[in-house]
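Below: one structure, written as structure tokens.
Everything numeric here is computed off the predicted structure, so don't read it as measured data. So that the names make sense, note that chain A is the first sequence line, chain B the second, and so on, each numbered from 1.
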Amino acid sequence: MTEGTSRPRVRFAPSPTGYLHIGGVRTALFNWLYAKKSGGAFILRIEDTDQERSTPENERIILDSMRWLGLDWAEGPDVGGPHGPYRQMERLGIYQEFVEKLIKSKAAYRCYCTKEDLDAQREALKKQDPKAQFRYPGTCRDRTDHPDLPFVIRFRAPSSGVVTYRDKVFGEVTTPLNTLQDAVLVRKDGIPLYNLGAVVDDITMGITLVARGRDHMINTPPQILLYEALGAKVPEFAHLPMMLNQKGEKLSKRDGAVSVTEYRDMGIPPAGLLNYLVRFGWSYGDQEIFSLPDLTQKFDWERCGKGDGKFDTKKLAAVVFEHLKQKDLMSDEAYITGVRPFIEARGLRVDDDKLVRALPLYRERGQTWVEAADLMDYLFRDTPVFDEKASKKFLVPAKAPILEDVAGWFAAAPDFTPAKLEEGFTAFIAERSLEMKDVAQPVRVALTGRSASPGLFDVAALLGRDAVVERLKRAAKTAEASAT
RNA sequence: GGUCCCAUCGUCUAGCGGUUAGGACAUCGGCCUCUCACGCCGGUAACGCGGGUUCGAUUCCCGCUGGGAUCGCCA
């Protein structure tokens, strides 16, 4: 392989054994950002060689999740590309070729030992010395016969020396080889294992840099050996520190939401999620909030940290909230596109005009689109859903006359804009020697069904005269009836 | 246990020999106020320990301690 002057090529290679994991998203994001920044290509490859757990349905979910996130790929299983196919199970012939090369050069050999036998040996050793490390004894290493039995392909690992590589984030890493063992490259059913599949694909797909989680760091030395045995150019490597749970352990299903789809269903905008994720292990001075275009300008491996971190949902919420609030990060149009489905999911018909006018009031109130939809619920129904505590506290008989009175005032209010309403209402209240704080809550509950909402006059203007008067009158009746 | 990796407020982090160790989230006060938010002002809070190197270490080196990853015919 010649030193390429070509553009960088990076990949994200999930295995369709489950949904898209939040940690996977972080890996995908860093790869994607690097590709965008460097004018390179981001490739999506499906590593489906685990026949037991891989499903087409999972692959679909992963692709959908990637699309939702906006992490687009230049080559992949759905769009194809010059180095396809992009599903490992469709590349079996390619691995076959490379394996033959390895066998021919004696870098790999057939092993007829059975898994059962090896497992038994492993168990026996463990029983004898729990701390001992089982290593393949090399039984078939120099075997020359070819019995008619199932076999796996093993890599002939060197027993001395070291392998050193320069990691883009961790710097120089050196591993002694005497601890390596002859790892299985191909199963007895002919399907390759991770290390072989990934290396062959990365070679044939022209991958120039492999960026992945730090949990793969241990695989790098044997993979480098494979590149060398195949006479291929070793790509660059960049390992990313791990995302841990609150307790400092590897993130798992039990730690709350780890699937991207859960975040989508929570009404979290993808840009916000990505922003949180990028700050995990990468920083740009004191800047916390980034748009995606901004990131594609600023991202680099040099600013990546090495320390593992703990996933913090509070911080995630805060970062997401910034995206929900700031118009330069998310236009009103984008916000509307985002919330609408969540309002509709409540069985409500969205009045576009009303939604547009409500936006300035709610962008800074809903921490997620789900929350915003909940807060705006009353705008899209004829009768608000009453919070029990709120109505019990404020819609009491003593307030009934006031509500009736206020309804009358609104019915005759000359100008239904927030400013004019406030002006007139304040005067009206003063005439009756009432104070705003005495009337505001009952009126608020009457209009919205809740004890918390945006400013009363903003709400009133949004609802419009007819709805306001109707709701107030109805609330007055409710208040009166609550005596019994 | 072997191998690899890491180490600044509770959390994410800035710092790349000399700083009152900065920011953000969280937290605690306060302001604003018709409620809730938003916003604003302020406080508490960190360099794991021990050796070096140096005029001077959070920063460089070594050890320790602590934490994590991984040891499959999973990826």
Side-chain angles (χ1 to χ4, degrees), chain A residues 13-17 47-50 52-54 111 113-116 118-119 122 129-135 150-154 167 170 173-181 183-189 191-195 197-198 212-221 239 241-242 244 246 248-250 276 279-289 303 305-319 321-322 325 361-367 375 390 394 422 425-426 429 435-445 448 450-457:
Chain A
S15 100
T17 51
E47 305 207 331
D48 55 354
T49 55
D50 183 344
E52 305 272 304
R53 300 188 297 148
S54 296
C111 168
C113 300
T114 66
K115 184 182 193 311
E116 295 67 31
L118 258 18
D119 284 347
R122 205 191 322 269
D129 178 2
K131 289 172 181 171
Q133 180 182 206
F134 177 77
R135 295 174 66 188
F151 59 85
V152 300
I153 305 293
R154 279 186 190 273
D167 192 286
F170 285 98
V173 180
T174 300
T175 310
L177 297 177
N178 55 23
T179 56
L180 251 47
Q181 61 173 328
V184 174
L185 258 25
V186 183
R187 298 171 171 91
K188 73 172 174 220
D189 61 6
I191 296 172
L193 252 19
Y194 170 69
N195 275 334
R212 73 238 292 199
R214 206 203 69 200
D215 47 339
H216 281 286
M217 218 162 176
I218 203 93
N219 290 317
T220 307
H239 290 95
M242 314 260 5
L244 278 13
Q246 314 285 357
E249 305 160 320
K250 198 173 172 178
Y276 172 72
R279 284 284 294 104
F280 216 103
W282 181 85
S283 60
Y284 195 82
D286 283 340
Q287 187 175 349
E288 297 275 355
I289 305 302
R303 292 172 186 277
K306 304 176 189 177
D308 294 340
K310 296 175 186 172
F311 195 86
D312 182 3
T313 50
K314 292 255 186 60
K315 179 84 179 218
L316 166 66
V319 172
F321 198 24
E322 289 304 317
K325 282 185 297 193
L361 270 33
Y362 286 97
R363 286 194 61 156
E364 64 189 30
R365 255 169 264 254
Q367 297 247 20
L375 293 174
F394 296 110
E422 176 157 23
F425 194 81
T426 308
I429 289 289
E435 280 192 73
M436 193 61 189
K437 63 178 193 294
D438 299 322
V439 260
Q441 286 307 74
V443 171
R444 186 185 317 283
V445 175
T448 69
R450 306 168 186 256
S451 56
S453 83
L456 230 42
F457 307 105

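Between the CG atom of A/Asp167 and the P atom of B/A69 there is a distance of 18 Å, rounded to whole Å. Regarding A/Phe311, its CZ atom lies at a distance of 16 Å from the C1' atom of B/U13, rounded to whole Å. Atom CG in A/Asp438 sits about 15 Å away from atom C1' in B/U33, given to the nearest Å. A/Asp215 places its CG atom 18 Å from the P atom of B/C74, with the value rounded to the nearest Å. Rounded to whole Å, atom P of B/G2 lies 12 Å from atom CG of A/Asp129. Remark: P of B/A75 and CD1 of A/Ile218 are 17 Å apart, rounded to the nearest angstrom. In this structure, A/Asn219 places its CG atom 12 Å from P of B/G72, rounding to the nearest Å. Between A/Gln246 atom CD and B/A26 atom C1' there is a gap of 11 Å when expressed in whole angstrom units.
Aromatic ring orientation, A/Tyr276 versus A/Phe280: perpendicular (interplanar angle above 60°, classes split at 30° and 60°).
Among B/G68, B/G23, B/C74, the nucleotide with an atom closest to any side-chain atom of A/Arg279 is B/G23. Side chain of A/Arg122, nearest nucleotide from B/G72, B/A75, B/U35: B/G72. In the set B/U3, B/A75, B/C12, B/U3 carries the atom at the smallest distance from any side-chain atom of A/Pro176. Proximity note for A/Val184 (side chain, C-beta onward) versus B/U11, B/C73, B/G23: the nearest is B/C73. Of the candidate nucleotides B/G23, B/A69, B/C34, B/C34 has the atom lying nearest to any side-chain atom of A/Leu456. Nearest nucleotide to the side chain of A/Arg187, out of B/A75, B/G68, B/G72: B/A75. Which of B/U35, B/G2, B/A14 sits closest to the side chain of A/Arg444 comes down to B/U35. Checking B/C25, B/C74, B/G72 against the side-chain heavy atoms of A/Ala318 singles out B/C25 as nearest. For A/Phe457, taking side-chain heavy atoms from C-beta onward, the closest of the listed nucleotides B/A75, B/C34, B/C12 is B/C34. When distances are taken from the side chain of A/Gln181 to each of B/A75, B/A69, B/G72, the shortest belongs to B/G72.
Base pairing of B/A14 is not made with any nucleotide, judged by Watson-Crick or G-U wobble geometry with both donor-acceptor distances under 3.5 Å. Across all strands shown, B/G42 forms a Watson-Crick or G-U wobble pair, both distances under 3.5 Å, with B/C28. B/G63 is paired with B/C49 under the criterion used here, namely a Watson-Crick or G-U wobble arrangement in which both key atom distances are under 3.5 Å. Checking B/G1 for Watson-Crick or G-U wobble geometry (two distances, each under 3.5 Å) identifies B/C71 as its partner.
With sequence neighbours excluded, the residues satisfying side-chain hydrogen bond (donor to acceptor under 3.5 Å, both in side chains) with A/Gln441 are A/Arg444.
In terms of polar N and O atoms assigned as donor or acceptor, the side chain of A/Glu288 comes within less than 3.5 Å of the base of B/G23 in a complementary pairing. For A/Asp286 against B/G22, a side-chain N or O and a base N or O form a donor-acceptor pair under 3.5 Å.
If you find the closest nucleotide of RNA chain B to A/Phe151 and to A/Arg214, the one lying nearer the 5' end belongs to A/Arg214. Take the nearest nucleotide of RNA chain B for A/Ser15 and for A/Met242: the residue whose nucleotide is more 5' is A/Met242.
Heavy atoms of A/Thr49 sit under 4.0 angstrom from primed sugar atoms or phosphate atoms, though from no base atom. Across all strands, A/Gly455 comes closer than 4.0 Å to base atoms (heavy-atom distances). Residue A/Lys115 is in base contact, counting any heavy-atom pair closer than 4.0 Å across all strands shown.
The closest side-chain heavy-atom distance from A/Tyr194 to A/Asp50 is not below 4.5 Å.
The phosphate of B/A14 has OP1 or OP2 within less than 4.0 Å of a side-chain N or O from A/Ser283. A/Thr220 has no side-chain polar atom (N or O) that falls below the 4.0 Å cut-off from OP1 or OP2 of B/C4.
Atoms CG and CD, from A/Leu456 and A/Glu422 in turn, are 9.5 Å apart once rounded to the nearest 0.5 Å. Residue A/His239 holds its NE2 atom at 8.0 Å from CG of A/Asn219, rounded to the nearest 0.5 Å. Once rounded to the nearest 0.5 Å, the distance linking CZ of A/Arg363 with NZ of A/Lys325 reads 11.0 Å.
Ion pair A/Lys315/A/Glu288 flagged as a salt bridge, since at least one NZ, NE, NH1 or NH2 atom sits closer than 4.0 Å to an Asp/Glu carboxylate oxygen.
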Base versus backbone protein contacts along nucleotides 37-43 of chain B [heavy-atom cut-off under 4.0 Å; B, S, -]: BSS----
Verdict with supporting geometry, A/Ile289 and A/Val319, side-chain contact (heavy atoms from CB on, under 4.5 Å): CA-CA 7 Å; A/Ile289 305 302; A/Val319 172; 4.2 Å; yes
